[in-house]
Structures are given as C-alpha cells and as structure tokens.
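Structure first, commentary second.
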Amino acid sequence: MDRSELADFLRRRREQLVPADVGLAPGVRRRTPGLRRDEVALLAGMSTDYYTRLEQARGPHPSTQVLASMARALRLTDDQRDHLYLLSGQVPPMRAAGNKHVGPGLLHLLDKLDDTPGCVISDLGEVLIQNRMHVILFGDATRYSGLDRYITWRWFAHPAERGQFPADDHERLAGQHVADLRATAARRAGDADVAELVARLYETSTEFAALWDRHDVAVRRSDTKTVLHGEVGRIDLVCETLLTQGAYQHLLVYMPQPGSDARAKLDLLRVIGTQQMV
C-alpha cells in the first residue's frame with residue numbers, strides 16, 4: 001500500500017469534482033475547491049475521520065468494499081478505479097463481465113433522477129446501486145449477500161419476493177427473468193458465477209427448470225410493470241432499460257405509465273420517504 005500516492009490521488013480526484021457532479025446542492029460558502037472531505041465520506045458511506053486519515057496518508061489498509069464505495073463516490077473511470085486498488089495494495093476487480101464498478105456516466109444519470117426510481121444492475125440481476133426513489137419504492141436491494149444478491153434467484157428460490165407484483169403478472173415476469181439469464185449465459189459462456197447461478201436455480205426450482213428447458217432468450221429491454229406498494233397501492237410504471245457496452249450493466253428507470261395516477265403516487269412516496277428519514 002502506497003499511502004502517500006493514495007492520499008495524493010484521493011485529494012486530487014476530490015478537488016476535481018463539484019457538488020453538481022454527484023447530485024449535491026452547491027451550498028453557500030466553499031473554502032476549498034471541489035468536494036469537501038465530509039461530502040465524499042457521506043457518498044461513500046464511511047466516517048469523515050476514516051476518509052480524512054486516508055487523505056492524510058495515515059489511514060488503515062482499506063478493504064475492497066471500501067475501495068468500491070470510494071470509487072463510486074469519486075466518480076472514477078475504470079482506469080482510475082484500477083489505479084485506486086493498486087495504490088491500496090489490492091487486485092483490481094475484473095473488467096466487463098462480472099464488473100461491479102458503476103462508471104461516472106451511469107452515476108451522473110442516476111443522480112439526475114431525483115423524482116424517478118432508478119438503479120443500476122449487473123447482467124446477472126444484482127442491484128449495484130439505487131437512487132433514493134428506487135429504495136423508497138422497492139426497499140434496499142443492496143443488502144443481500146450470496147445468491148440472494150440476484151433478482152432471479154430471489155424470484156424463484158423465495159416466491160414471497162413476488163408479492164410486490166400482481167399475481168396475474170408472475171408468469172410473464174418469470175419468463176422474462178429466465179430469457180434474460182439465457183442471453184447472459186450465452187454471452188458469458190464458461191464464467192463460474194453464471195454457471196453456479198443457473199445450476200443452483202435448476203436444482204432448486206422446478207418452475208425455473210421448465211422455463212430454462214424452453215430455451216427462450218431475450219435481453220432485458222423496456223417493459224411495463226405494476227408495483228404493489230404498502231403505502232400507496234398499485235403503481236403502473238414503464239421500465240426503460242439502458243445497456244452499457246457489452247450489456248454487462250443495465251440502468252433501469254421507472255416512469256409513470258401515461259394516463260395512470262402513478263406520477264401522483266410517486267410524488268406522495270417521495271414525501272413519505274422524506275418524513276420517514278427525518
């Protein structure tokens with residue numbers, strides 16, 4: 001771990017950002033260029049003292065989880081993210097397939113969606129990051145570990161997870177999950193994480209096995225979805241999907257269906273969420 005180089009790198013990346021880059025209000029007085037240390041710490045989910053010690057070349061050896069959080073907070077590119085890991089004495093994560101690093105472009109788009117639910121998921125259906133409205137609508141999807149990280153696993157292995165969607169839509173959504181996983185499995189043939197997910201699903205769920213054997217294939221695209229929320233009831237949405245190069249990550253954006261009352265219900269949830277966070 002090169003503490004002095006790491007400290008210099010963190011400070012210079014922080015100074016090159018402005019609050020608008022990360023979805024923060026500009027504030028009244030800013031004595032230093034770029035973001036403040038406490039703002040980076042907040043975005044990364046760590047204490048200001050911990051981050052400050054890293055910038056002062058006296059911090060502990062950061063874990064890969066801490067490095068991933070700092071890379072997102074500082075909006076690092078893939079090359080900058082790799083540099084951060086190497087300065088910290090860690091092996092950088094894989095590029096492309098299996099890459100959990102969300103690039104600054106997607107993070108910037110997500111920051112702009114302050115009144116619209118949005119998230120970035122991997123090609124295996126792991127939610128990598130959510131905006132505040134997506135958390136209010138679906139709950140914290142980043143809290144899971146193991147196979148539970150994957151939406152498709154939870155759908156088939158824990159059927160109670162389907163309660164957020166109307167029962168008459170379950171069959172269609174199940175088919176979409178499997179068809180999208182088929183496309184990923186073909187694109188990433190031989191990757192261990194894909195093979196493990198498919199094998200475990202096949203042995204765990206007869207429903208999944210039957211759908212898998214149909215060999216339907218379709219990459220996740222735009223769709224309409226109805227969400228059943230405990231506070232406001234039925235919300236009819238249009239889910240738009242943006243794919244990164246190679247389709248390894250998806251930006252999902254949930255917008256109100258035209259002609260529905262979804263906009264009013266999302267606005268109400270936004271207020272309810274604010275009250276609950278106070």
Side-chain angles (χ1 to χ4, degrees), residues 17-27 35 39-45 68-69 71-73 75 100-122 125-144 148-152 154-155 161-166 169 173 176-177 220-244 249-278:
L17 291 173
V18 296
D21 292 333
V22 296
L24 296 176
L35 296 181
E39 291 171 331
V40 175
L42 176 65
L43 291 168
S69 297
R72 285 195 296 268
R75 300 307 193 255
K100 297 183 181 182
H101 175 61
V102 181
L106 287 182
L107 289 172
H108 179 75
L109 288 174
L110 203 59
D111 286 336
K112 298 301 181 184
L113 302 172
D114 60 341
D115 64 347
T116 303
C119 70
V120 177
I121 68 173
S122 72
E126 178 183 359
V127 177
L128 303 176
I129 189 169
Q130 304 168 269
N131 68 4
R132 177 178 164 277
M133 279 299 297
H134 193 275
V135 174
I136 293 173
L137 183 60
F138 291 105
D140 181 8
T142 65
R143 69 185 187 277
Y144 298 105
D148 283 344
R149 303 192 316 274
Y150 305 120
I151 294 171
T152 304
R154 299 199 304 273
W155 181 270
E161 291 278 328
R162 305 182 185 191
Q164 285 186 299
F165 304 96
D169 212 16
L173 293 174
Q176 289 182 347
H177 285 311
R220 192 185 305 271
R221 304 290 185 185
S222 300
D223 191 15
T224 58
K225 287 187 178 179
T226 296
V227 176
L228 305 178
H229 194 277
E231 297 283 350
V232 299
R234 178 188 178 107
I235 311 176
D236 297 315
L237 301 166
V238 176
C239 179
E240 291 289 346
T241 304
L242 302 178
L243 306 182
T244 59
Q249 292 180 356
H250 306 167
L251 171 63
L252 306 184
V253 181
Y254 295 84
M255 298 175 293
Q257 279 195 35
S260 75
D261 60 354
R263 179 71 271 163
K265 289 182 175 179
L266 288 176
D267 290 341
L268 178 57
L269 279 179
R270 189 181 182 191
V271 174
I272 292 173
T274 302
Q275 294 173 343
Q276 291 175 341
M277 293 174 66
V278 173

Task: Minimum-distance pair of heavy atoms, taken over all atoms of Gly233 and Lys265 - done: C-NZ, 4.5 Å
TODO: Measure the OG-CG distance between Ser222 and Leu252 for me, rounded to the nearest 0.5 Å.
DONE: 10.0 Å
TODO: Could you check if a side-chain atom of Leu109 sits within less than 4.5 angstrom of a side-chain atom of Lys112, using non-hydrogen atoms only?
DONE: no
Task: Identified side chain to side chain contact (heavy atoms under 4.5 Å, CB included) counterpart of Leu107 within the set Ile129, Leu43, Val120 - done: Ile129
TODO: Answer whether the closest heavy-atom distance between the side chains of Tyr254 and Val238 falls below 4.5 Å.
DONE: no
TODO: Please round to the nearest 0.5 Å and tell me the distance separating atom CG of Asp148 and atom CD of Glu126.
DONE: 11.0 Å
Open item on the list: Nearest 0.5 angstrom please: Asp169 CG to Lys225 NZ, how far?
Closed with: 9.0 Å
Task: Side chain to side chain, Arg132 and Arg270, heavy atoms closer than 4.5 Å - done: yes
TODO: Would you check if Trp155 and Arg162 make a side-chain contact, meaning some heavy-atom pair closer than 4.5 Å?
DONE: yes
Task: Side-chain donor or acceptor of Gln249 paired with backbone N/O of Ile121 under 3.5 Å - done: no
Open item on the list: Taking Leu113's backbone N and O only, do any of them form a donor-acceptor pair with Asn131's side chain (distance below 3.5 Å, no angle check)?
Closed with: yes
TODO: Apply side chain to side chain contact (heavy atoms under 4.5 Å, CB included) to the pair Ile151 and Val127, showing each step before the final yes or no.
DONE: CA-CA 8 Å; Ile151 294 171; Val127 177; 4.1 Å; yes
- [ ] Would you mind reporting whether Gln164 and Leu228 have side-chain heavy atoms less than 4.5 Å apart?
- [x] no
TODO: Evaluate the criterion side chain to side chain contact (heavy atoms under 4.5 Å, CB included) for residue pair His108 and Arg75; output intermediate values, then yes/no.
DONE: CA-CA 8 Å; His108 179 75; Arg75 300 307 193 255; 5.7 Å; no
- [ ] First locate atom CG of Leu266, then atom CG of Asp115, and finally report the distance between them rounded to the nearest 0.5 Å.
- [x] 8.5 Å
Open item on the list: Is any side-chain heavy atom of Ile235 closer than 4.5 Å to one of Leu269?
Closed with: yes
Open item on the list: Would Thr116 and Met133 count as a side chain to side chain contact (heavy atoms under 4.5 Å, CB included) here? Give the steps.
Closed with: CA-CA 6 Å; Thr116 303; Met133 279 299 297; over 6 Å; no
Open item on the list: What's the separation between atom OG1 in Thr152 and atom CD in Glu161, rounded to the nearest 0.5 Å?
Closed with: 12.0 Å
- [ ] Would you confirm whether Gln130, through its side chain, and Gly139, through its main-chain N or O, come within 3.5 Å as a donor-acceptor pair?
- [x] yes
Task: Distance-minimising heavy-atom pair for Leu137 and His229 - done: O-CD2, 3.4 Å
